[in-house]
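Below is one structure, written out as structure tokens; the observations come after it.
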Amino acid sequence: MPPVRICAGALGDGVPKRDLVISRQHRILVASDLAHEMFGTCDVLIAAKDLIDVPGVFLDKTIRQIECYHLLMEAHQILCAEGCPAESFYPGPVAVDTPSDTQKSEVRQVLPGLLQDGYVPIAAAHIPKKGSERRLLVKKMLEQGLTLAPRETECA
């Protein structure tokens, strides 16, 4: 499946600073009063695939092969990727079943509690469960001319 390309400046003035190519499931932090109205919090994480209606954000079908690197931390974090607030690896139930047995063994050595039954990760920001809700937020923000880059981002 092709990755999502977020062109430089597509999410706001200088956000991202350069084109950013990420997996469809990778989430970007969006913050607005509209998000607060919809979800009860200003900060929400939106999957890249739910941003493809934003001008300058698209599935890049020219990329035939991609190598992904995941940053796994003790807790889910918001990081800066080319000046764009994005999530670290979120160890949800689907994601922790994806690695190979060798990778799982390495994770157990560093973060032993992560792969235990009953482990519940805590998200760095609200993750709306329904794709339709995420896409509706993006649509409304675009209709209102709002930037998708968080206000006063620490990534500046």
Side-chain angles (χ1 to χ4, degrees), residues 1-100 103-104 107 114 121-156:
M1 292 187 190
V4 173
R5 178 177 295 273
I6 303 174
C7 294
L11 302 180
D13 187 29
V15 179
K17 293 176 184 175
R18 294 186 297 177
D19 285 11
L20 184 61
V21 177
I22 57 178
S23 74
R24 294 172 184 221
Q25 298 299 328
H26 198 92
R27 290 180 280 259
I28 300 295
L29 184 69
V30 173
S32 75
D33 292 336
L34 185 55
H36 190 270
E37 289 175 24
M38 291 178 67
F39 304 111
T41 181
C42 289
D43 296 330
V44 294
L45 286 162
I46 304 292
K49 66 181 180 179
D50 295 320
L51 297 171
I52 59 173
D53 288 334
V54 175
V57 180
F58 58 94
L59 295 176
D60 192 339
K61 296 177 183 174
T62 66
I63 297 177
R64 303 260 184 249
Q65 187 174 5
I66 190 167
E67 189 169 346
C68 294
Y69 295 89
H70 299 284
L71 298 177
L72 176 62
M73 304 175 164
E74 288 187 49
H76 190 226
Q77 300 288 322
I78 303 299
L79 309 171
C80 295
E82 297 297 345
C84 181
E87 69 176 345
S88 64
F89 180 78
Y90 180 71
V94 173
V96 295
D97 282 341
T98 304
S100 68
Q103 291 167 327
K104 286 180 183 178
V107 169
L114 185 73
I122 298 172
H126 178 66
I127 302 171
K129 291 185 182 188
K130 294 182 180 178
S132 58
E133 292 176 335
R134 297 186 302 262
R135 289 185 297 277
L136 180 60
L137 170 63
V138 171
K139 179 182 177 188
K140 286 183 174 187
M141 289 180 75
L142 291 172
E143 288 172 351
Q144 294 181 22
L146 301 173
T147 179
L148 275 79
R151 301 177 298 254
E152 304 300 319
T153 178
E154 293 179 11
C155 293

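With values rounded to the nearest 0.5 angstrom, Leu20 atom CG is found 5.5 Å from Ile28 atom CD1. For the atom pair CG of Leu51 and CD1 of Ile46, the computed distance is 7.0 Å after rounding to the nearest 0.5 Å. Atom-to-atom distance recorded for Ile52:CD1 and Phe58:CZ is 11.0 Å, nearest 0.5 angstrom.
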* Worked check of side chain to side chain contact (heavy atoms under 4.5 Å, CB included) between Leu45 and Ile78 -> CA-CA 9 Å; Leu45 286 162; Ile78 303 299; 3.7 Å; yes

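The minimum heavy-atom distance linking Ala81 with Pro16 is given by the pair O-CB, 4.4 Å. Across Thr147 and Gly12, no two heavy atoms sit closer than the pair OG1-CA, 3.2 Å. Across all their heavy atoms, Asp19 and Cys7 have their closest contact at OD1-CA, 3.2 Å. The nearest pair of heavy atoms linking Pro3 to Ile22 is CB-O, 3.3 Å.
Using a distance-only test at 3.5 Å, with no hydrogens or angles considered, no donor-acceptor pair links the side chain of Ser32 to the main chain of Cys42. A donor-acceptor pair is defined here as one N or O able to donate and one able to accept, closer than 3.5 Å; such a pair exists between the side chain of Glu87 and the backbone of Arg27.
You'll find the side chain of Pro2 stays beyond 4.5 Å of the side chain of Asp60, heavy atoms only. Proximity of Ile63 to Arg5: side-chain heavy atoms (C-beta onward) are separated by under 4.5 Å at one or more points. Looking at Leu79 and Met73, their side chains come closer than 4.5 Å, going by heavy atoms from C-beta outward. Inter-residue side-chain proximity for Pro121 and His76 is flagged as unmet; no heavy-atom pair is nearer than 4.5 Å. Put simply, the side chain of Leu59 reaches to within 4.5 Å of the side chain of Arg24, judged on heavy atoms.
Listed by first and then second residue, the side-chain hydrogen bond (donor to acceptor under 3.5 Å, both in side chains) pairs involving residues 63-73 are Glu67-Tyr69 (not counting sequence neighbours). A side-chain hydrogen bond (donor to acceptor under 3.5 Å, both in side chains) check over residues 39-49, counting only residues at least two apart or in different chains, returns nothing. The stretch residues 24-54 participates, sequence neighbours left out, in these ring pair (Phe, Tyr, Trp, His ring centres under 6.0 Å) pairs: Phe39-His126.
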Give every donor-acceptor pair under 3.5 Å between a side-chain atom in residues 136-145 and any protein atom, sequence neighbours left out.
none

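Residues passing the salt bridge (Lys or Arg N to Asp or Glu O under 4.0 Å) test with Glu37, sequence neighbours excluded: none. Take Arg135 and apply the salt bridge (Lys or Arg N to Asp or Glu O under 4.0 Å) test, not counting sequence neighbours, and it matches Asp50.
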